[in-house]
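Treat the numbers as computed from the prediction; the structure is a model and nothing was measured.
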Amino acid sequence: MRRIAVRLLLASLMAFATCLASAPARAAVPDSPAVTYTNPIAEKRADPHIFKHTDGYYYFTASVPEYDRIVLRRATTIQGLKTAPETTIWTKHASGVMGAHIWAPEIHFIDGKWYVYFAAGATDDVWAIRMYVLEGTGANPLTAAWTEKGQIRTQWESFSLDATTFVVNGVRYLAWAQRDPSVNNNTDIYLAKMANPWTITGTPVMLSRPTYSWETVGFKVNEGPAVIQRGGKVFMTYSASATDANYCLGMLTASASANLLSQASWSKNPTPVFASSTATSQYGPGHNSFTVSEDGKSDILVYHDRSYKDISGDPLYDPNRRTRVQKVYWNADGTPNFGIPVADGVTPQRFSSYNFPDRFVRHWDYRARIEANVTKLADSQFRVVPGLAGSGTVSLESANFPGYYLRHENFEVWLRKNDGSAQFASDATFRQRAGLADPAGVSYESYNYPGRYVRHWEYLLNVQAVSTATDRADATFYAQ
């Protein structure tokens, strides 16, 4: 009897192990689920800065086209900033310094007080641009009492602007753009430690000078530094070239444990990390900042651009730069991936496989598949839009090929241009369901073939019937 019992136990264990081996792998719910916004966030607002405070509000400031004042908005959501009332907290001086070209304000909360960094010229010399600081006392900066702390003094009395502040390993730094009087260019990026929120200390270091061809179109410019940190790395984006369609973002990278006040600690991307896109009709993206999503799980890129390429007159005085946002994704090597400036309207999402969590839905030669390490980010981004065939349904539009949608042809999923036909609309329309393998995920059921779902088979997407646990796993995705 004992031998029989042992044999039965062993048989049960072997059967259980076989079940485990054949069960589809389960991915963890992503740490950074999908967040979407509708662009633009603010019309005629350039050099945007959005700060999420511990009071539950986002605070937003930017350059106004008149360059004559500093404005603030606040809302509990990023999207809410679009309709939030705007308050003027400070107006340019009638004469003298701080009397012209009020540019690029940023708002920060440091040691219990509010600080706004901005640049300004003088009434007798509008190009005598220097950096200045306001200090605000009060819980709400829209109603705070603001005082002028004066100019941020640097190594030279020269054209300087775009101050931003950040902390690494408990040390507060100031980064800014300034013209070296001995060099024939416009501005370089500098970094220094801070003695207090309006004073630098020590000798500033020059981190970046415009030398690449994409940094010197129209003007030789590195400006508008912004910092994001992740995984023990410090990433500093900056804007380059003239403020027209050539404006773009470059990036510097350093280890957080390195001496940040040594130029040797920083490496510079040889190509832009964010630039104009004719496909999405977005031109001159730049002067960015970073914030976080409402749930705190996603990093958000904040920037301005225009919806047209050709500008009449000096682009500096074209008023139509708009504030926009989109999610930052992270490559497998830990570097940020900004993709392309997405089309106006709802921002796109990515879809990771439930049972192959490192693989994302993407198009390749117009065939839809799942693939890992998609560094060409926009190939794996899709806008979830109202279904082409009817209400209560959705269609998936390509981020970098607007007007192209995922559709099935002979039950294979391809990216195709909408030809306006009823057949296309039906083939490119799906019913969005809770994930068949995990309700926290999502599955897409064919509109014109109920019971068939988008699933991967040998990494290619098809529309097939599902019956087994493996089928359901293959047809489940996580929105990111």
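Shown here are the salt bridge (charged side-chain N to carboxylate O under 4.0 Å, His left out) partners of Arg73, two or more places apart in sequence or in another chain: Glu86. In this structure, Arg179 has no salt bridge (charged side-chain N to carboxylate O under 4.0 Å, His left out) partners at least two apart in sequence or on a different chain. Residues forming a salt bridge (charged side-chain N to carboxylate O under 4.0 Å, His left out) with Arg69 (at least two apart in sequence, or on another chain): Glu66. For Asp358, there are no salt bridge (charged side-chain N to carboxylate O under 4.0 Å, His left out) partners, not counting sequence neighbours.
Note that CG of Leu191 is 10.5 Å distant from OG of Ser265, once rounded to the nearest 0.5 Å.
A donor and an acceptor atom, one from each side chain of Glu223 and Thr187, are nowhere located under 3.5 Å apart. For the residue pair Ser298/Ser32, the side-chain donor-acceptor check at 3.5 Å is satisfied. No hydrogens or angles considered: a donor-acceptor pair under 3.5 Å links the side chains of Ser353 and Asn355. Using modelled atom types and a 3.5 Å distance limit, the side chains of Ser255 and Ser257 yield a donor-acceptor pair.
The shortest heavy-atom contact between Ser467 and Arg472 is O-NH1, 2.9 Å.
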Show me, pair by pair, the donor-acceptor contacts under 3.5 angstrom made by side chains of residues 36-44, not counting sequence neighbours?
residue : atom : partner : partner atom : Å
Tyr37   : OH   : Glu294  : OE1          : 2.7
Asn39   : OD1  : Val325  : N            : 2.9
Asn39   : ND2  : Val325  : O            : 2.8

For a quick test of your reading: what N or O donor-acceptor pairs under 3.5 Å do the side chains of residues 224-238 make, sequence neighbours left out?
residue : atom : partner : partner atom : Å
Gln229  : NE2  : Val167  : O            : 2.9
Thr237  : OG1  : Ala226  : O            : 3.4
Thr237  : OG1  : Asn288  : OD1          : 2.8
Thr237  : OG1  : Asn288  : ND2          : 3.3
Tyr238  : OH   : Glu215  : OE2          : 2.8

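A side chain to side chain donor-acceptor pair (under 3.5 Å) with Asp188 is found for one member of Arg209, Gln178, Lys220 and no other, namely Arg209. Applying ring-ring contact (aromatic ring centres under 6.0 Å, His included) to Phe109 and the options Tyr57, Trp114, Phe51 leaves one that passes, Trp114.
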